[in-house]
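In what follows, a single structure is set out as structure tokens and then discussed.
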Amino acid sequence: FHAPVSVLKPLCGVDDNLYENLRSFCDQEYPSYQVLFGVRRRDDPAVPVVRRLIKEFPERDLSLVVSDLCLGTNAKVSLLATLSRRARYDTLVIADSDIRVGREYLNVVVSPLADRRVGLVTCLYKGMPTRGVWSVLGAMFINEWFFPSAVVATTFGRVAYAFGATIACQRRTLTGIGGFESLAHDLADDYVLGARVARQGLRVVLSPYVVETVVADRRLTALWDHELRWARTLRTVRPIGYLLSAVTYGLPLSLLFVAVSGLGRLSLLLVVTHLILRLLTSYAVGRVLDLPRRGLTVLLSPARDTLSLALWLASFTGRAIRWRGQRYWVDRKGKLHRYDGRPERRRRAPRPRASRVIRAHGGNGP
């Protein structure tokens, strides 16, 4: 199955290794495809990188699209709506800007769409650190928490969601769920897109291809903001599963048990058992995914789990997030709102003559 493909790449700013990431999509072993790079402003720092690639690959169908269209609070979705309208082909592949792939990528992820019962194809991803301990800790969260959890969930349950690392679908499928316009206020647009496709009775397929995401957090504050947004997103879309995920932080919880109960045989046994299991898990995941710095990640496992537990607790203290330098808050339905200083409070409409009080969300758009 080699249907012509339009690859949609929404961009905002320059991350570490952006050129290498985007270049991997321009050098595919695939017969016919185009790549559309989208930015919201002509002075976006990503524009020179895209122009460099267009010059480097004159034989490829590469285009830069500038659009300030605003459909809602999720700016990425607004950009995707513009790119999909400019797309030449009906088979669409969407991937975030921090994703890097091999030359066989399009061949693998597009193939399942030959079956008309398949509505969407998505991919798992592994984290690749750039430099610095915070980058390593960020990659560890992806590789040692997200990846195994996603594998377990997809092994024992039906896949009914998608990951932003890769989404491949036909235009007719996207139109059938209301297009990108219907996702304009959703924080977890990728998750919601997959869920809506599944509700149409179409299959969501998890591709065997594992892409790479480059983790470039250089400071603790950047890592904290990044992962707190993830945590509050997960808390919104899968509240029960996220609440129960506290049991996966066995090592810091066993250390907390020692602090509360004192140094007893049971408490020490729990700490030693969890430590051994945690180190073995870190080593096994690193080996399976062929990750760099496996020795360092094993040593950092206790610190990573402690940070994860702190983020889990912090995710229940509010609904504000920071995304691409902007502050937002997310309501209980996963809708994104502009941050106005009081994210958890809803504005009340004027009291009507009847005794009923009407509540209304504020900030549903710019």
Side-chain angles (χ1 to χ4, degrees), residues 1-39 44-65 76 79-80 83-84 86-89 91-113 120-131 135 138-139 142-143 146-147 162-169 190 205-217 288-293:
F1 184 71
H2 289 109
V5 172
S6 291
V7 181
L8 313 183
K9 298 289 291 186
L11 307 176
C12 181
V14 176
D15 300 320
D16 281 5
N17 301 294
L18 179 66
Y19 166 77
E20 290 80 5
N21 297 341
L22 300 185
R23 190 184 190 281
S24 68
F25 286 84
C26 302
D27 190 25
Q28 290 291 302
E29 292 181 342
Y30 197 80
S32 180
Y33 70 98
Q34 69 168 161
V35 185
L36 295 171
F37 302 99
V39 294
D44 191 292
V47 171
V49 179
V50 174
R51 295 197 186 281
R52 176 184 173 185
L53 289 168
I54 293 174
K55 185 177 181 180
E56 183 178 348
F57 293 93
E59 75 283 3
R60 299 295 189 192
D61 187 359
L62 311 179
S63 300
L64 173 65
V65 178
K76 186 186 82 171
L79 201 50
L80 284 172
L83 294 177
S84 65
R86 302 283 187 90
R88 181 174 302 171
Y89 306 119
T91 301
L92 307 175
V93 173
I94 307 153
D96 290 339
S97 61
D98 58 353
I99 298 300
R100 188 179 303 175
V101 298
R103 301 189 69 195
E104 71 283 5
Y105 165 78
L106 283 180
N107 274 304
V108 178
V109 301
V110 172
S111 293
L113 295 177
L120 184 147
V121 182
T122 191
C123 291
L124 289 176
Y125 53 95
K126 61 181 179 179
M128 302 299 290
T130 51
R131 58 183 180 274
S135 173
I142 296 171
N143 299 328
F146 162 75
F147 193 94
F163 304 113
T166 286
I167 294 174
C169 65
D190 48 359
V205 173
L206 182 66
S207 171
Y209 195 94
V210 178
V211 302
E212 297 180 2
T213 180
V214 179
V215 182
D217 297 314
V288 167
L289 294 179
D290 192 24
L291 300 173
R293 310 182 193 180

- Message: Determine whether V211 and R100 satisfy the following criterion, side-chain contact (heavy atoms from CB on, under 4.5 Å), listing intermediate values before the conclusion.
- Response: CA-CA 6 Å; V211 302; R100 188 179 303 175; over 6 Å; no
- Scanning both residues in full, the closest heavy-atom pair of F147 with L289 reads CZ-CD2, 3.7 Å
- Query: Of all heavy-atom pairs between G127 and V215, which one has the smallest distance, and what is that distance?
  - Reply: CA-CG2, 4.2 Å
- Report yes if the side chains of S84 and L8 come closer than 4.5 Å at any heavy-atom pair, otherwise no. yes
- Closest non-hydrogen contact found for A165 with Y105 is O-OH, 4.4 Å
- Task: Flag the pair V7 / L106 as yes when at least one side-chain heavy-atom distance between them is below 4.5 Å, and no otherwise.
- Result: yes
- Carefully, step by step, assess K76 and D96 under the rule salt bridge (charged side-chain N to carboxylate O under 4.0 Å, His left out). CA-CA 10 Å; K76 186 186 82 171; D96 290 339; 3.5 Å; yes
- Task: Please indicate whether R103 has more than 12 foreign heavy atoms, meaning atoms of other residues, nucleotides or ligands, lying under 6.0 Å from its CZ.
- Result: yes
- Run the numbers on T213 and D98 for side-chain hydrogen bond (donor to acceptor under 3.5 Å, both in side chains), then give the verdict. CA-CA 5 Å; T213 180; D98 58 353; 3.0 Å; yes
- In sequence, state the C-alpha distance, the side-chain angles, and the governing distance for F146 and Y125, and then conclude on side-chain contact (heavy atoms from CB on, under 4.5 Å). CA-CA 9 Å; F146 162 75; Y125 53 95; 3.5 Å; yes
- Would you give the length of the straight line joining atom NZ of K9 to atom CD1 of I99, rounded to the nearest 0.5 angstrom? 7.0 Å
- Message: For a quick test of reading the model, state the closest non-hydrogen atom pair linking E29 to N107 and the distance between them.
- Response: O-ND2, 2.5 Å
- Message: Suppose we screen for side chain to side chain contact (heavy atoms under 4.5 Å, CB included). Which residues come up paired with T91, at least two apart in sequence or across chains?
- Response: A3, V5, V110, L113, Q170
- Item | Distance-minimising heavy-atom pair for S24 and N21 | OG-O, 2.6 Å
- Kindly compute the distance separating CD (Q28) from CZ (R60), expressed to the nearest 0.5 Å. 8.0 Å
- Message: Measuring only between side-chain heavy atoms, which start at C-beta, is F37 closer than 4.5 Å to P10?
- Response: no
- Message: Can you tell whether the side chains of D290 and K126 come within less than 4.0 Å, N to carboxylate O?
- Response: no
- Message: Side chains of S135 and D217, heavy atoms from C-beta outward: is any pair under 4.5 Å?
- Response: no
- Item | Candidate pair L18 and S97, rule side-chain contact (heavy atoms from CB on, under 4.5 Å), full reasoning | CA-CA 7 Å; L18 179 66; S97 61; 4.2 Å; yes
- Item | Under 3.5 Å: donor-acceptor pair, side chain of Y209, backbone of G102 | yes
- Item | CZ-CG distance between R88 and L36, expressed to the nearest 0.5 angstrom | 8.5 Å
- Message: Using modelled atom types and a 3.5 Å cut-off, is there a donor and acceptor pairing between side-chain atoms of D190 and backbone atoms of F163?
- Response: no
- Message: L11 vs L22, test: side-chain contact (heavy atoms from CB on, under 4.5 Å). Steps then yes/no.
- Response: CA-CA 10 Å; L11 307 176; L22 300 185; 3.9 Å; yes
- Side-chain contact test, heavy atoms from C-beta onward, threshold under 4.5 Å: evaluate it for V14 versus D44 and give yes or no. no
- Between F25 and Y33, is any pair of side-chain heavy atoms under 4.5 Å apart? no
- Locate the shortest heavy-atom distance separating V108 from S207; write the atom from each residue and the value. CG1-OG, 3.7 Å
- Distance, nearest 0.5 Å, that separates CD of E212 from CG of N17: 10.5 Å
- Query: Under a 4.5 Å cut-off applied to non-hydrogen side-chain atoms, are L120 and V205 in contact?
  - Reply: no
- Message: In the structure I gave you, are the side-chain heavy atoms of L291 and M128 within less than 4.5 Å of one another anywhere?
- Response: yes
- Query: Can you tell me how far SG of C26 sits from CD of E59, rounded to the nearest 0.5 angstrom?
  - Reply: 9.5 Å
- Message: As an exercise, state the distance from CZ of F57 to CG of D27, rounded to the nearest 0.5 Å.
- Response: 5.0 Å
